[in-house]
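Report on the following structure.
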Amino acid sequence: MVKAQFRSTVFLFLGLWLAPNAYAEPIPTPSGKYNVGIQRHLVPFINKNDPTWPNEVSTEYLVTLYYPTPDEAAEPSPYIEPELAQLYTDFSGWNFSHLTSTMRKDASFLPKPAGPTLLFGPSGWGPSTDGDGILLSELASHGYVIAALDHIFEQPFLRLPNGTGIYGLAIDFNGDLEYIQALHEVRVREMVHFAGFLPKLAAKLHAPFKTDKLGAFGHSLGGSSSLNAALETDKIAAAINMDGTNFGRLNTTSDSLNKPSLLLGFDGHTPEIDDTWENFFKSQKGWWRLFTVTDAKHNDWTDMAFWKKWGTTRPLGAIDGDRMVALRNRYVKAFFDEHLLGKDDAVLDGPSEDWPEVNYIQGNQ
Ligand SMILES: *[C@@H]1O[C@H](CO)[C@@H](O)[C@H](O)[C@H]1NC(C)=O
Ligand SMILES: *[C@@H]1O[C@H](CO)[C@@H](O)[C@H](O)[C@H]1NC(C)=O
Ligand SMILES: *[C@@H]1O[C@H](CO)[C@@H](O)[C@H](O)[C@H]1NC(C)=O
């Protein structure tokens, strides 16, 4: 209570200086040379056995494109849809509705591709891909194009391109294993579909996006979906799983991706406690690495690491939010730079003096 009062006094003083936008605060500024554009599209796709849709058949999913643009940065605007911010405020006691970004909606494309295209899958039932906007805009500022895929009626809240808001599962949804396995298969099929659909979308938008040698990455259920999609299609050349237990074919077979992969875990998330990771590493014949982060918990691998600065850290780790954001940006970009652009980065080869909280657990090649 005392702390809250103190805080609002501080805000009041700042308000005198920062008026008229007294409560706005930017998310970390992307470090690359490009400004970032963003746009949303619905992708038609019949996906059967979808546990979250009426009649268990979904007919479309949402893609949000993050891309480098020659346009000027936009005026600061809320970075998270207000309905989604409210759900997390109600759930975790956070209040981060004042966070803004300068990504420009429907911005122009560069005349030529500036980097590879990456597919991104979010956590199971939240946050939606908007809740990874800090990482995705960082990568786009360096020339990457990111197609972030959101599964409708699963994510707690999504804004469709026509402005309609759609609520999905509760943030604290508690599905049984069978339900989550079905959801995982739906996600994998969406990602594999999008890998094939991308050239059509790029042609329709006259967008000079690279449509081959894709990267795939995601958090939790989206991380496992990324690795499994990389197993299903050769259009994906390299993949990252941020802290997700492996479901699906990767858990039930001993197939090798035969392409580079990176696993990033919370403090202590190693093959000793996760059989699905043990199985994965035993079978991989390509380049792979596993790093964990001291004092990080599962959701610190999303923008929640940053959100926790405006409320309780529960259920996140003790690691500083800005530090975690910087670390996640650094390792994800290093992996795609190395494996899609051929720029070797020593940070991936073992312990790093600059990142002492990052634990190098295991690797191959
Ligand atoms: C959240 O913060 C905004 C200003 O940043 C304030 O207007 C609003 O009342 C706060 N909401 C809650 C639930 O504290
Ligand atoms: C917006 O799009 C959704 C999904 O296609 C559709 O169901 C809804 O009717 C649309 N709403 C408006 C106002 O056009
Ligand atoms: C992985 O497979 C094992 C053995 O069939 C099973 O017991 C476990 O529930 C599976 N895990 C997941 C996450 O699908």
Side-chain angles (χ1 to χ4, degrees), residues 39-47 49-55 57-65 81 83-84 105-106 121-125 128-130 149-168 173-191 193-194 197 201 204 218-232 239 241-257 261 263-266 268-284 290 298 301:
Q39 52 181 260
R40 293 194 206 276
H41 301 278
L42 284 171
V43 180
F45 178 55
I46 303 293
N47 205 342
N49 304 317
D50 183 336
T52 67
W53 272 58
N55 305 320
V57 180
S58 48
T59 56
E60 53 194 7
Y61 58 89
L62 184 66
V63 56
T64 305
L65 301 173
E81 298 292 341
E83 293 92 333
L84 186 66
K105 258 192 104 200
D106 300 320
S123 325
W125 50 99
S128 52
T129 57
D130 290 3
L149 309 181
D150 276 306
H151 181 221
I152 298 166
F153 292 128
E154 175 208 327
Q155 289 302 326
F157 180 82
L158 291 173
R159 175 86 59 216
L160 300 186
N162 68 6
T164 300
I166 296 198
Y167 285 89
F173 172 74
N174 202 352
D176 61 24
L177 186 63
E178 212 182 322
Y179 187 101
I180 299 169
Q181 283 169 338
L183 191 54
H184 178 265
E185 295 315 299
V186 165
R187 294 278 210 97
V188 174
R189 290 194 294 270
E190 279 179 358
M191 194 174 265
H193 175 261
F194 190 80
F197 182 77
L201 181 64
K204 187 179 142 203
H219 177 250
S220 196
L221 198 66
S224 172
S225 308
S226 300
L227 291 185
N228 275 273
L231 187 59
E232 300 291 343
N241 178 355
M242 291 189 282
D243 216 25
T245 284
N246 283 330
F247 287 83
R249 235 180 102 192
L250 278 180
N251 181 41
T252 50
T253 67
S254 42
D255 290 336
S256 169
L257 298 178
S261 61
L263 271 73
L264 298 168
F266 62 74
H269 192 176
T270 64
E272 279 78 54
I273 67 146
D274 189 335
D275 292 345
T276 74
W277 281 17
E278 168 91 35
N279 187 38
F280 179 74
F281 293 127
K282 269 202 304 230
S283 317
Q284 294 316 301
L290 166 60
H298 184 59
W301 287 105

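In each ligand, atom 1 is the first atom listed, and ligand 1 is the first ligand listed. Hydrogens, waters and symmetry mates are skipped; everything else that's a heavy atom, side chains included, is used. For reference, positions follow the sequence shown, starting with 1.
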Mind checking whether Y179 and F173 have ring centres under 6.0 Å apart?
-> yes

Going by distance alone, is a donor N or O of one side chain under 3.5 Å from an acceptor N or O of the other, for [X] and [Y]?
X    : Y    : answer
S128 : D150 : no
N241 : N246 : yes
N251 : T276 : no

Atom 7 (O) of ligand 3 protein-contacted (non-hydrogen atom, under 4.0 angstrom) = no

Protein non-hydrogen atom below 4.0 angstrom of atom 4 (C) of ligand 3 present | no

Is it the case that more than 12 heavy atoms not belonging to D176 sit under 6.0 Å from its CG atom?
-> yes

L177: numbered ligand 3 atoms lying under 4.0 Å from its heavy atoms = 9 (O)

Heavy-atom nearest neighbour in the protein, as seen from atom 2 (O) of ligand 2, with distance rounded to 0.1 Å |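 Going by distance alone, atom 2 (O) of ligand 2 is nearest to N162 ND2, 2.3 Å.
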
Among all protein non-hydrogen atoms, which one is nearest to atom 14 (O) of ligand 3, and what is the separation to 0.1 Å?
-> Q181 NE2, 2.9 Å

Ligand 3 and N251, any nitrogen or oxygen pair closer than 3.5 angstrom?
->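 Yes: some nitrogen or oxygen of N251 is under 3.5 Å from one in ligand 3.
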
Taking both backbone and side-chain atoms of T245, is any N or O found less than 3.5 Å from an N or O belonging to ligand 3?
->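 Looking only at distances, the answer is no, because the N/O contact criterion of under 3.5 Å is not met.
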
Is it true that R189 and D50 have a side-chain N and a carboxylate O under 4.0 angstrom from each other?
->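 Answer for the salt bridge query: no.
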
Identify the heavy atoms of L221 and G124 that sit nearest to each other, and give their distance.
-> CB-N, 3.7 Å

Using a 4.0 Å cut-off to any heavy atom of [X], which atoms of ligand 2 qualify?
X    : answer
T164 : 1 (C), 10 (C), 11 (N)
L42  : 5 (O)
E60  : 4 (C), 5 (O)

